[in-house]
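To start, the structure itself, in structure tokens.
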Amino acid sequence: MWASRRRPGRTYHTRARSSTLLHLCLVVGALECGSAADPSVPQQATLRQLAEARHLLVGAAVAMNAYNADTQYRATLVAQYGCLVPGNVMKFDQIHPSPTQYDFANADELVRFAQANRMVIHGHTLVWYLSLPAWITGGTFTKAQLLQVLEDHITTVVGRYRGRIASWDVVNEVVDGTAAPLRSSLWLQVIGPEYIDSAFVWAHRADPAAKLYLNDTHAEGVNRKSDALLALVQGLRSRGIPIDGVGFEAHLTLTPPPPTADDLRANLARFANAGFDVRISEMDVRIADTADASALLAEATVYRNALDACLRLGSRCTGFTTWGFTDRYGWIPSAYPGFGRALPLDEHYEPKPAYQALIARLQEP
Ligand code: G3I
């Protein structure tokens with residue numbers, strides 16, 4: 001059986017706003033940041049500086065095409081973010097394109113870059129129902145054969161980055177959210193629910209120090225899906241499976257409205273109170289191309305609410321990651337034509353109200 005690796009949980013409520021000293025540190029920190037650059041020009045502290053001052057990892061998913069092509073993309077990434085999440089290059093189809101071939105080139109480059117810039121790396125993702133190579137989706141596997149494929153994949157990928165990747169999305173988007181508890185997938189159909197347990201066990205064996213997450217979407221508020229998600233991870237924990245936390249993707253919209261601030265706080269707190277670390281793992285807030293500037297202000301409020309819900313949990317909230325960071329590159333316009341402007345920086349890398357809202361919240365107790 002897997003012994004719990006977490007300290008006894010504590011109950012989280014709205015955290016007292018008592019850290020005046022922390023606030024002074026932030027102000028001093030910001031001034032120091034400014035004086036370090038050019039004393040004549042007050043420099044605004046970056047997301048990374050403010051977050052690291054309060055021991056929070058603020059991260060961004062990285063698009064390899066942008067990383068390879070755009071020096072400002074790489075410079076902004078390092079300046080603003082302390083955590084790097086490979087957006088696609090560690091997915092099954094990209095890193096394991098054929099049964100006997102792994103392609104680590106892009107993943108190795110992002111790991112190298114992150115380490116060179118003192119960034120923490122969160123691996124994404126070992127088991128998902130999407131982004132699978134043809135040799136998996138088109139294959140005919142017995143349960144034993146697919147279990148062996150999955151064990152080899154996880155052991156090889158996690159083992160390669162042992163000691164360099166701090167945490168992983170082990171399984172991604174497995175809760176169905178309707179009557180069925182689990183999303184139908186090749187993994188579920190051929191192996192059964194045990195594929196989830198096994199994935200965590202294999203990841204832990206490959207790197208015992210890595211923190212292991214189950215990551216899901218549309219479970220940011222208290223709803224049927226987050227109820228099922230909580231039951232799932234509590235079941236894993238009760239069977240001694242080495243799971244450390246839950247990622248809440250937070251791909252949000254203005255219409256339909258996002259979870260309210262209270263709903264976000266209540267939901268994340270109940271996972272923390274159940275003994276799980278939580279992370280906002282893929283946040284973006286898509287806006288209609290036709291929307292006016294007021295939508296940018298509404299977007300800022302959504303970002304602030306999510307960061308606030310995280311910060312109120314203290315060390316139980318282990319990360320706040322956006323799915324990209326500049327509107328110049330993003331998955332939204334191709335996935336949702338007519339929508340975009342989902343990220344904290346605009347297409348010219350200029351701060352949007354969302355960015356300023358994150359900065360402001362990080363400067364509050
Ligand atoms: O790299 C190839 C390129 O060589 C090829 O020319 C091109 C055209 O076919 O495709 C490129 O791969 C694409 C990849 O993004 C990189 O751009 C894939 O087709 C495309 O499916 C993939 O989409 C990604 C999607 O996950 C599926 O993996 C999105 O960028 C990515 O933002 C999105 O992210 C997911 C998270 O992993 C999980 N949570 C939901 C989130 C949004 O869907």
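We count ligands from 1, going down the list as the structure has it; atoms in each ligand are counted the same way.
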On the 0 to 90° scale, with breaks at 30° and 60°, tag the His96-Phe92 ring pair as parallel, tilted or perpendicular.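 His96 vs Phe92 ring planes: parallel.
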Closest non-hydrogen protein atom to [atom], residue and atom name please, with distance?
atom	value
atom 26 (O) of ligand 1	Lys91 NZ, 2.8 Å
atom 17 (O) of ligand 1	Asn88 ND2, 4.3 Å
atom 32 (O) of ligand 1	Trp323 NE1, 2.9 Å

Looking at [X], which atoms of ligand 1 are within less than 4.0 Å of one of its heavy atoms?
X	result
Asn172	38 (C)
Ser131	27 (C), 28 (O)
Glu249	39 (N), 40 (C)

Find out whether the Lys NZ or Arg CZ of Arg316 is both under 6.0 angstrom from the six-membered ring centre of Phe276 and within 45° of the ring's axis.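 No; the conditions do not both hold, so Arg316 does not lie above the ring face of Phe276.
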Examine Arg328 relative to Tyr73 and say whether NZ or CZ is less than 6.0 Å from the centre of the six-membered ring and inside a 45° cone about the ring axis.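 Not satisfied by the 6.0 Å and 45° rule.
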May I ask you to check whether over 12 heavy atoms, not counting those of His218, lie within 6.0 Å of atom NE2? no
Does Leu130 reach ligand 1, in the sense of a heavy atom lying below 4.0 Å from it? no
Judged on heavy-atom distance to atom 12 (O) of ligand 1, which of Met90, Gln94, Glu173, His124 sits nearest? Gln94
Under-4.0 Å protein heavy-atom contact, [atom]:
atom	result
atom 34 (O) of ligand 1	yes
atom 43 (O) of ligand 1	yes
atom 21 (O) of ligand 1	no
atom 37 (O) of ligand 1	yes
atom 5 (C) of ligand 1	no
atom 2 (C) of ligand 1	no
atom 9 (O) of ligand 1	no

Residue among Glu282, Glu173, His124 satisfying side chain to side chain donor-acceptor pair (under 3.5 Å) with Asn215: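 Checked Glu282, Glu173, His124 against Asn215; only one passes side chain to side chain donor-acceptor pair (under 3.5 Å): Glu282.
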Contacts of Tyr81 meeting ring-ring contact (aromatic ring centres under 6.0 Å, His included) (sequence neighbours excluded), chain-then-number -> Phe325
For Ala269, is there any backbone N or O sitting under 3.5 Å from a side-chain donor or acceptor partner on Asn273? yes
If we ignore hydrogens and angles and just use 3.5 Å, is the side chain of Asp103 paired with the main-chain N or O of Ala105 as donor and acceptor? yes
Kindly compute the distance separating CG (Asp70) from CZ (Arg74), expressed to the nearest 0.5 Å. 7.5 Å
Interatomic spacing from CD1 in Ile332 to CZ in Arg286 - rounded to 0.5 Å: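 If we round to the nearest 0.5 Å, Ile332:CD1 and Arg286:CZ are 5.0 Å apart.
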Using the side chain to side chain donor-acceptor pair (under 3.5 Å) rule, take Tyr129 and Arg183 through it: C-alpha gap first, then chi angles, then the decisive distance, then the call. CA-CA 9 Å; Tyr129 73 98; Arg183 180 192 297 270; 3.2 Å; yes
Hey, does Glu282 come in under 3.5 Å of ligand 1, counting only N/O atoms on both sides? yes
Check this for me - ligand 1, Trp331, N or O atoms closer than 3.5 angstrom, yes or no?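 N/O-N/O distance under 3.5 Å: no.
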